[in-house]
Amino acid sequence: MATVKKIVLLGHFGVGKTSLVRRYIDSAFSEDYLVTVGVHVKKKDVIVNNEPVTLIIWDIEGNNSIEKARSSYLLGSQGFIYVFDVSRQETYEDINSEMKFLAKNHENVPVCLVGNKSDLFTEDFTKEFFKDKEFENCYFTSAKTGENVEAMFLDLAKRTL
Amino acid sequence: MILLNEHYNMSAKLKTEILDRRIQEIEITDQGVIVASDNSIFDLPEKSSIADLHPFFEGVIPLLPTVKDSLKIPCVNVDSVSNPRIVDVDFLRKGKKLYLLIFDFTEHYEASQPLVQEKNVASIAKNKLAFEKQLLEAKEEFKNNFLSNLNHEIRNPLNNLLGFMEILKETKLDYDQNETLKVMQKTGTHLKILMDDMLDISKIERGVLDIKSVNFNLGHLVNNLQNHFNLKYANNPVEFNVTIDNNVPRKLIGDPARLNQILFNLLENSFRNTTDGYITMLVKAENKNKAHTKIKILISDSGTGIPEDKLDKVFDSYFQLKVDKLKPLGEGLGLKIVKDLTESLDGKVQVVSEEGKGTMFTCEFPFKVRPISKGTKTVPKGSGILMSKRILIIEDETTNQMLMMKTFLNNEKGYVIEMAINSDHAFELLENNRYHLIMFKSALPDINGIDLIKKIRGHEQDAIANLPILIASGNTLKEEQKAVLDAGASAFLPKPYTKNELFKCIEQLIRES
């Protein structure tokens, strides 16, 4: 019997939360931006440490602060993916306070920080541009190319166990 | 009254019919198993699990036992293939029973989507422009830092290479060995020029390039260029002529090194693109008065010419002009340097060209004219006795130690060197011997170069504290050079340097001390 884990994607609108889920679940991508209203929930069965795990992935509407997100969406979460857009500063300038909010209100729930749209920069430039401490353990993904998407989801899945 | 009642009855019936379609009531267990359902929106058989309807419910099941009064989750996309809906989901606890209410607000949420979409797109666009500017600046800085670091990493081994080749040149070589060495030196020098050009481009783009204002002789500069190219292309069938108008003032104030670099690059470009015919350099003066003049230099050739559609690109970085009969020539940095340096000297450069006929570059520079001096100074002759000068060099790498020893071997200046492998060893030697100069690099194994300079300058013995300090480093960043000189170093010699450059610097420092 598989363990069920609820994972919630958070972050500003337009950062690529839905695209990341679509890439991970359907191996598909579209350049067109279509706003997410409410929450879309998808499911994926994975194997983590040789054990079957069912990830219930909550792709919620974008907000410029987690405090503004509907609290019922975050209830019972066992892992968070906080996504920002590497090409939009407003989506990562308050990362510290967002992480503090999660640590305070969802203690012991693992969080994965993700800088999406990394295909817009070279790897070296991304490392240099995001060299501050807060981005130390950040995953840089591209829903467009698929880079690091699977690795990021699997890493978080492991940390929820 | 009856009519009113009828009206209300009809209204209530209509309301019920509408609501019946929009609200589904389901009784469930704490494990999410369906006890009863009115199936008004979704078909849910009794004894099945709500998880079968959609993964959303599978995710919510663990929360059901914790519901005391109610749990409301709005705007859930239940995107089943047959019946996609956007619903509000309420769980209600009534005594021991748990109810799931599903409210269908699909039309309402779908109507709001375009408004939210428009708002979001506008917000993204508004911030995009400011960030793109910031990004461009960051990318430029990243590129320039990368070039500087790369430059530094290459300069040290290149310096060793050029240094050993100079030493090899002074040994007995046969004709073939000599010719091979010439090619190696030419290649090494070309590499050095390329590194210098890359660094200059980086400095210009960062706005940190030093433009000097010193006395120089335009006639000598032009003559040297003519001699260089005549020698370099001695076997070239192209006729090379240089003319300086009589009214051109020779003694000027400006940056001769940068002017030389510009003219060198333009002439090199002409020689590369001309296989027969001529290359001419004409120097003219315009708007001349006692204090200022505008020097105009025209360099024309009968070479391959540049296609009209490429003319506006010739000064772009890394542009390569490919010609059918000839191989692509060089990295294309030369003309980019010419434009940037000319603008740094407050000048202008233009090009006209016709494919298959030739090209003419015209440069204009404003210069100050040097006032005519009343007499020339005479330098008193020396006594003819050569006094030895002891130089202490701190160097931990054996290759560099060997290079230093060979460089100073049998030198005509009377320089005698001693080696220290680190700063402790250096102080041991300094306190027991007398030296005329100390030389080291900015990164030593046991101490940072700047700290060592401060330590020397703070020494209790005046002979050590006042010793000329020469720093030779592959790091050519202006900030580093300034820091070293501010700390108390007497001079900074960037690598790679020639033996002549090194000895000239040492001579000057010892003389000044």
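Side chains included, hydrogens not; waters and symmetry mates left out as well; all remaining heavy atoms used. Letters A, B, ... mirror the listed sequences (proteins, then strands); counts begin at 1.
- Between A:R23 and A:E150 no salt bridge is recorded (no basic side-chain N to carboxylate O distance below 4.0 Å).
- Using the six-membered ring where Trp is involved, B:F56 and A:W58 have ring planes that are tilted, between 30° and 60° apart.
- Contact count against chain A (heavy-atom pairs under 4.5 Å) is highest for B:I124 among B:V116, B:I124, B:V76, B:L63.
- A salt bridge does not link B:R93 to B:D69: none of the charged side-chain nitrogens sits closer than 4.0 Å to a carboxylate oxygen.
- With a 4.5 angstrom heavy-atom cutoff, A:I57 does not touch chain B via any of its atoms.
- Heavy atoms closer than 4.5 Å to chain B are found nowhere in A:T91, neither backbone nor side chain.
- Within the 4.5 angstrom heavy-atom criterion, atoms from both the backbone and the side chain of A:R88 approach chain B.
- Ion pairing of B:K97 with B:D30 is absent here, as no side-chain N (NZ or NE/NH1/NH2) approaches a carboxylate O to less than 4.0 Å.
- In this pair, A:F84 and A:F130 present their aromatic rings tilted. The plane angle is within the 30 to 60° band.
- Ring geometry for A:F129 versus A:F125: interplanar angle under 30°, hence parallel rather than tilted (30 to 60°).
- Taking 4.5 Å as the heavy-atom cut-off, the residues of residues 2-22 of chain A that approach chain B are A:V4, A:F13, A:G14, ordered by number.
- Side-chain contact between A:T54 and B:E58 is present, with at least one heavy-atom pair separated by less than 4.5 Å.
- Neither the backbone nor the side chain of B:P62 comes within less than 4.5 Å of any heavy atom in chain A.
- For a residue to count as touching a neighbouring chain, one of its non-hydrogen atoms must lie under 4.5 Å from one of that chain's; by this rule B:L71 touches chain A with the side chain only.
- Taking the six-membered ring where tryptophan is involved, the planes of B:F105 and B:Y109 are perpendicular, since the angle between them exceeds 60° and thus also 30°.
- Ring planes of B:F91 and B:F57: perpendicular class, angle over 60° (limits at 30 and 60°).
- Only the side chain of A:E90 comes within less than 4.5 Å of a heavy atom in chain B; its backbone stays farther off.
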